[in-house]
Protein chains: 2
Amino acid sequence: MSDEKPPHGDEVDAITEAVLTASRLLVGISAKSVAAVAGPITLPQFRLLVALGSRGPLKLVSLAEMLGVNPSTATRTVDRLVTAGWAERNSNPDSRREITVGLTTAGRDLVDRVTEYRRGEIAAIVERIPHEQRAGLVQALQAFTEAGEEPPPRASPYDAGLTHWT
Amino acid sequence: MSDEKPPHGDEVDAITEAVLTASRLLVGISAKSVAAVAGPITLPQFRLLVALGSRGPLKLVSLAEMLGVNPSTATRTVDRLVTAGWAERNSNPDSRREITVGLTTAGRDLVDRVTEYRRGEIAAIVERIPHEQRAGLVQALQAFTEAGEEPPPRASPYDAGLTHWT
DNA sequence: CATCACCATTGCATAATGCAATTCTTGCCC
DNA sequence: GGGCAAGAATTGCATTATGCAATGGTGATG
């Protein structure tokens, strides 16, 4: 655009473009990983498991909030996960109006397998990056992540590979 | 698994971890962007619009394949988008068994607004990255993207921010 | 022209969602 | 202590998203 530019306009554009592109790749990997490992589970269900995996047992409302869905949706998704044997409902001794939802061993296992798979996919890509570039990558990504995390201490169900809402 | 590792195991791990973290951040941004701009549209619907936006008018089967969903799902999602005024069905003069689906002006507009929003979100983060790190970022991300794209010439509906399937 | 492959659509069943009750449980105020 | 407001989970209802399996048309090939 401009030849005599503000200190960094074009540079920012270039980086933004690069991030956007990398973003697509990463999202594709997440999707693929769940599909490859977690056969008969749906993405929303898996996201819920990931949330439980990273924040331990949660009460229903917290869980729903963390996932960004309505509590009723969480209730019913938990129903299905319990039926499938991946999650369990536990009554809270301190307050009988709340329950806590946690992973079963099978559930934790599933989450671990998907994470491992994804880690492997990414590692495979990293292996193909020329050594000279690698050091730069870590620094660059950390810088990016730090810059992005300042405002919101984002959590992890996004980790599942996607969101959903409406 | 193996304790005696190849020359660079740790380095790969570090990068993988960094990528994983950045990945979460990026996915969150995508989600937020659609939510912020595209009021009464759902994510699957929006993904379809993005696909149309990046590959021009498509026949239904191609569209479904691109999104990774069943043609019947695509048919019905298109129905809703047409009703909402974001997409249009056109008969193909060359072959009456096919149709093509394209964006309306309103549809293209919606996609553009979301993309702009997301670009802005990312740019805002990039602006906070120390200058010294920026050059490295572009190179590093490009190296990563190239390494990742080698096998699959990944497309773009992932661009929407997420996937869905089952 | 007869069959086979391809395309879009529709039927059917299940999952995911949100919003609006409903039912308990807690807490708090008088 | 009684009662009432707020909080938590669930259930009812309607819409969307999905996949699989027909169905009805269209094109192509022999």
Side-chain angles (χ1 to χ4, degrees), chain A residues 31 34-35 38-51 57-84 86-102 157 160-166, chain B residues 31 34-35 38-51 57-84 86-102 157 160-166:
Chain A
V34 183
I41 197 179
T42 67
L43 183 59
Q45 286 174 17
F46 184 72
R47 284 220 312 141
L48 197 153
L49 295 185
V50 171
L58 290 170
K59 61 177 194 167
L60 197 78
V61 175
S62 312
L63 188 52
E65 190 180 343
M66 197 166 164
L67 294 171
V69 301
N70 193 290
S72 67
T73 299
T75 291
R76 283 180 278 235
T77 301
V78 167
D79 287 343
R80 295 180 187 116
L81 290 172
V82 169
T83 300
W86 286 312
E88 54 187 11
R89 263 197 188 78
N90 297 303
S91 52
N92 180 343
D94 295 338
S95 129
R96 284 198 309 197
R97 65 176 163 181
E98 303 177 2
I99 64 166
T100 59
V101 185
L162 228 347
T163 347
H164 166 244
W165 50 198
T166 130
Chain B
V34 183
I41 197 178
T42 65
L43 182 58
Q45 286 173 17
F46 184 73
R47 282 222 311 142
L48 198 153
L49 294 185
V50 171
L58 290 171
K59 60 176 193 170
L60 198 78
V61 175
S62 311
L63 188 53
E65 190 181 343
M66 198 166 164
L67 296 170
V69 302
N70 192 291
S72 68
T73 299
T75 291
R76 282 179 279 234
T77 301
V78 167
D79 287 344
R80 292 176 191 121
L81 291 172
V82 169
T83 300
W86 285 312
E88 52 187 11
R89 265 198 186 78
N90 297 302
S91 52
N92 181 342
D94 295 338
S95 127
R96 285 197 311 198
R97 67 177 163 180
E98 302 177 2
I99 64 165
T100 60
V101 185
L162 230 346
T163 346
H164 167 244
W165 52 195
T166 132

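Quantities reported herein were computed from a predicted structural model and do not represent experimental measurements.
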So which protein nitrogen or oxygen atoms get under 3.5 Å of nucleotides 28-30 of chain D's nitrogens or oxygens?
none

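Taking the side chain of A:Val69 as heavy atoms from C-beta on, and the options C:dG18, D:dT10, D:dT26, the nearest nucleotide is C:dG18.
Remark: B:Thr42 is in phosphate contact with D:dA17, judged by side-chain N or O atoms under 4.0 Å from OP1 or OP2. For the OP1/OP2 pair of C:dG18 and a distance below 4.0 Å, the side-chain nitrogens and oxygens of A:Thr73 include at least one atom meeting the criterion. The shortest distance between the side-chain N/O atoms of A:Lys59 and the OP1/OP2 oxygens of D:dA9 is not below 4.0 Å. For D:dA17, one of the phosphate oxygens OP1 or OP2 lies less than 4.0 angstrom from a side-chain nitrogen or oxygen of B:Gln45. Here B:Ser72 does not reach the OP1 or OP2 of C:dT9: none of its side-chain N or O atoms lies under 4.0 Å away. OP1 or OP2 of C:dA16 lies within a sub-4.0 Å distance of a side-chain N or O belonging to A:Arg80.
Counting distance only, with no hydrogens placed and no angle test, the side-chain atoms of B:Ser95 and the base atoms of C:dC7 include no donor-acceptor pair under 3.5 Å. B:Arg76 contributes a side-chain N or O that forms a donor-acceptor pair with the base of C:dG11 under 3.5 Å.
Of the residues in residues 87-94 of chain A, those placing a heavy atom less than 4.0 Å from an atom of DNA chain D are A:Arg89, in numerical order.
Counting to the nearest Å, the P atom of C:dT14 and the CG atom of A:Asp79 are 16 Å from each other. Distance CG (B:Asn70) to P (D:dA22): 14 Å, rounded to an integer number of Å. Separating the CG atom of B:Leu48 from the C1' atom of D:dT16 is a distance of 14 Å, rounded to the nearest angstrom.
Considering B:Asp79, B:Thr100, B:Thr75 in turn, B:Asp79 is the only one that fulfils the side chain to side chain donor-acceptor pair (under 3.5 Å) rule with B:Arg89.
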